[in-house]
Participant: 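There's a structure below that I have some questions on.
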Protein chains: 2
Amino acid sequence: MSGVLKDAIRVERPAKTLRELALDKVREAIVNGYFRPGDRLVERDLCAQLGVSRTVVREVLRHLESEGLVANLPNKGPIVALLDIEEAKQIYEIRGALEGMAARLCAERGSPEIVAALDESLTAIRNGYRDSDMAAVLTNTSSFYQTLFTRVDRHVAWGVVNLLTVRINHLRSMTIKTERRGIEGPLQMSKIVDAIRRGDGEGAYRAAMDHVAAASAIAEAVLSAQKPAE
Amino acid sequence: MSGVLKDAIRVERPAKTLRELALDKVREAIVNGYFRPGDRLVERDLCAQLGVSRTVVREVLRHLESEGLVANLPNKGPIVALLDIEEAKQIYEIRGALEGMAARLCAERGSPEIVAALDESLTAIRNGYRDSDMAAVLTNTSSFYQTLFTRVDRHVAWGVVNLLTVRINHLRSMTIKTERRGIEGPLQMSKIVDAIRRGDGEGAYRAAMDHVAAASAIAEAVLSAQKPAE
DNA sequence: AATCGTATTATGGCCTACCAAATACTGTAG
DNA sequence: CTACAGTATTTGGTAGGCCATAATACGATT
């Protein structure tokens with residue numbers, strides 16, 4: 001049997017442990033609102049719902065806790081973390097600093113491939129708004145920023161941004177639906193791309209900051225309009 | 001019985017679970033070098049060493065994994081994460097962005113209390129260098145930055161910085177011992193304080209960035225001098 | 001009827017024991 | 001000396017149990 005063939009037919013293992021699958025499921029469930037902020041996450045119930053053992057559930061809860069998606073009340077157990085408006089603003093601020101940094105680096109790199117990739121995501125975002133396909137808007141916004149970070153090899157910063165982003169995910173899906181966001185959002189993002197295209201690091205930095213600041217302002221409005229109602 | 005008294009005599013419970021104690025122990029052991037990068041962390045060995053069950057050990061390992069201190073090799077198990085020089089540089093870069101941001105905010109706030117607190121930490125750092133007490137240098141450097149972040153209520157950013165910092169902790173203790181660091185480090189930090197004192201946001205930002213950049217450069221030198229030797 | 005004390009329940013924290021699968025090691029037969 | 005089979009190691013995952021605590025419900029007593 002040839003070594004080459006052996007490699008060729010090598011079966012791609014799922015490679016995902018049950019724990020990781022469960023982790024994704026629960027995170028997904030929190031992010032998309034199946035579990036609401038404040039909901040208790042009872043271990044044994046989760047076992048039943050996920051069809052896994054308590055060991056796995058507990059590891060998943062620990063992991064989500066360190067991600068900030070789950071909070072652990074002493075002597076009461078884990079709940080879905082509540083999103084504090086102050087915290088949300090700080091998260092947006094951090095994203096601004098990091099995305100601005102990445103945008104500047106992209107501009108300084110001056111690679112046409114980056115601009116092309118960003119344009120592609122941006123077009124997809126515009127189409128998403130046109131078709132009212134908010135899921136598409138979210139995933140392509142994500143890939144827009146992923147490009148920004150990973151094309152200049154800032155994987156750690158991308159990881160941080162991702163970590164923080166899941167915590168404000170419900171906010172993201174709300175801000176995105178805002179009336180004017182469908183126009184202004186892509187406009188601001190295209191300013192980032194333009195600055196990168198002309199190699200304007202400082203402009204790219206500011207454009208990225210502006211975009212996040214706008215998102216933050218909308219989020220604040222949404223949150224403070226919502227909180228009193230509870 | 002008076003309500004005031006009731007609060008006054010409220011018994012302080014340890015409140016720490018076994019898991020948290022174990023987590024701290026293991027993290028500490030990794031950070032201070034008892035476990036070296038690349039070392040395997042065999043669950044059952046840890047159970048024996050910590051005197052706890054596998055349940056606890058596994059949760060601890062998961063937690064450290066999500067902190068980036070532990071890496072999990074598929075089908076082989078957890079090891080202490082190896083520090084890649086590229087990753088270290090990125091971490092320093094992120095710290096620069098966030099600490100710069102915090103320094104700017106402190107300068108804009110213009111509160112004498114902040115300056116006083118920073119000065120106090122800085123003095124302690126200088127004393128630490130004078131007495132060759134590197135542990136003191138580290139903890140006071142930490143409190144310097146903690147002041148920078150928490151006095152302007154940036155707890156999330158402080159959390160991010162902390163999370164990243166533990167990953168480069170061995171580097172920190174090495175860069176700190178570098179010959180000229182004992183002079184230049186405090187000098188750069190005093191520039192941050194000076195800029196804050198005169199309300200110069202931009203200057204504080206740049207000074208904070210410079211300080212981290214210098215640390216990064218030293219770390220790079222140390223690491224690349226060390227890696228080939230292995 | 002109001003209050004005080006006592007089961008009961010729900011739940012998390014922690015433990016032991018077990019099995020399956022993958023990997024690493026080891027000794028033996030050819 | 002090599003190939004191969006068996007053995008130990010170790011993780012991933014499961015099952016189930018014990019204990020402590022907190023909350024709640026339920027009486028019993030005054």
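Note on naming: letters A, B, ... go to the chains in the order of the sequence lines (proteins, then strands), and numbering restarts at 1 for each one. The figures here come from the full heavy-atom set of this structure, side chains too, leaving out hydrogens, waters and symmetry mates.
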Participant: Start at the 5' end of DNA chain C and walk down; is the nucleotide closest to A/Arg40 or to B/Gly51 reached first?
Facilitator: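 Closer to the 5' end of DNA chain C: A/Arg40.
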Participant: State whether A/Arg154 and B/Glu93 are salt-bridged, where the test is any N-O pair (Lys NZ or Arg NE/NH1/NH2 against Asp/Glu carboxylate O) under 4.0 Å.
Facilitator: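 Looking at A/Arg154 and B/Glu93, the cut-off is met.
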Participant: From the list D/dG12, D/dT14, C/dT11, which nucleotide is the closest neighbour of the side chain of A/Val42?
Facilitator: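 Minimum distance to the A/Val42 side chain belongs to C/dT11.
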Participant: What's the closest nucleotide to the A/Val52 side chain, out of D/dG12, C/dG13, D/dT14?
Facilitator: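 Output: D/dT14.
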Participant: Check the distance between C/dG12's P and A/Arg44's CZ and give it to me in whole angstrom.
Facilitator: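 So the two atoms are 7 Å apart, to the nearest Å.
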Participant: For A/Phe35 and A/Leu46: C-alpha separation, side-chain torsions, deciding distance, then whether side chain to side chain contact (heavy atoms under 4.5 Å, CB included) applies.
Facilitator: CA-CA 11 Å; A/Phe35 293 125; A/Leu46 283 178; 3.8 Å; yes
Participant: Separation of B/Leu50 atom CG from C/dC14 atom P, in whole Å?
Facilitator: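 One finds 13 Å between P of C/dC14 and CG of B/Leu50, rounded.
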Participant: How many Å lie between CG on A/Leu73 and P on D/dA22, as a whole number?
Facilitator: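 Spelled out: CG on A/Leu73 to P on D/dA22 is 13 Å.
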Participant: Apply salt bridge (Lys or Arg N to Asp or Glu O under 4.0 Å) to the pair A/Glu99 and A/Arg95, showing each step before the final yes or no.
Facilitator: CA-CA 6 Å; A/Glu99 286 165 10; A/Arg95 281 186 51 191; 2.9 Å; yes
Participant: Over how many whole Å does the gap from B/Glu20 atom CD to C/dG12 atom C1' extend?
Facilitator: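 Going from B/Glu20 (CD) to C/dG12 (C1'), I get 13 Å.
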Participant: Hey, does the side chain of A/Asn75 come within less than 4.0 Å of D/dT21's phosphate (OP1/OP2), counting only N and O?
Facilitator: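 No, outside the criterion.
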Participant: Quick one: label B/Thr55 by what it contacts on the DNA or RNA (base, sugar-phosphate, nothing), any heavy atom closer than 4.0 Å.
Facilitator: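 If one applies the 4.0 Å heavy-atom cut-off, B/Thr55 turns out to touch a base.
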Participant: May I ask you to verify if any side-chain N or O of A/Arg58 is less than 4.0 angstrom from the OP1 or OP2 atom of C/dT11?
Facilitator: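 No, no such contact exists.
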Participant: Using whole Å, what does the distance between atom C1' of nucleotide C/dC14 and atom CG of B/Leu21 come to?
Facilitator: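 Atom CG in B/Leu21 sits about 13 Å away from atom C1' in C/dC14.
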Participant: Students often get this wrong, so: under 4.0 angstrom with heavy atoms, is A/Arg54 touching a base, only sugar-phosphate, or nothing?
Facilitator: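 Base, at least one base heavy atom under 4.0 Å.
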Participant: Base, sugar-phosphate, or nothing: which does B/Leu41 touch, judged by heavy atoms less than 4.0 Å apart?
Facilitator: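 It contacts sugar-phosphate atoms only.
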Participant: Below 4.0 angstrom from OP1 or OP2 of D/dG12, is there any side-chain N or O of B/Arg62?
Facilitator: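 True: B/Arg62 side-chain N/O within range (under 4.0 Å) of D/dG12 OP1/OP2.
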Participant: If you check the A/Ser53 side chain, which of D/dT14, C/dT16, D/dG13 turns out closest?
Facilitator: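 Closest nucleotide among those given: D/dT14.
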Participant: Would you check if B/Val80 and B/Val70 make a side-chain contact, meaning some heavy-atom pair closer than 4.5 Å?
Facilitator: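 They are not in contact (no side-chain heavy atoms under 4.5 Å apart), so the answer is no.
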Participant: Return the value, rounded to whole Å, for the distance between atom NZ of A/Lys76 and atom P of C/dT11.
Facilitator: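 Between P of C/dT11 and NZ of A/Lys76: 12 Å.
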Participant: Whole Å only: how far is the NZ atom of B/Lys16 from the P atom of C/dG13?
Facilitator: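 Answer to the nearest Å: 15 Å.
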Participant: For A/Val56 and A/Ala22, work out which heavy atoms get closest and say how close.
Facilitator: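 Residues A/Val56 and A/Ala22, closest heavy atoms: CG1-CB, 4.0 Å.
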Participant: Take the protein atom CD of A/Glu59 and the nucleotide atom P of C/dG12, then report the distance between them rounded to whole Å.
Facilitator: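 Going from A/Glu59 (CD) to C/dG12 (P), I get 16 Å.
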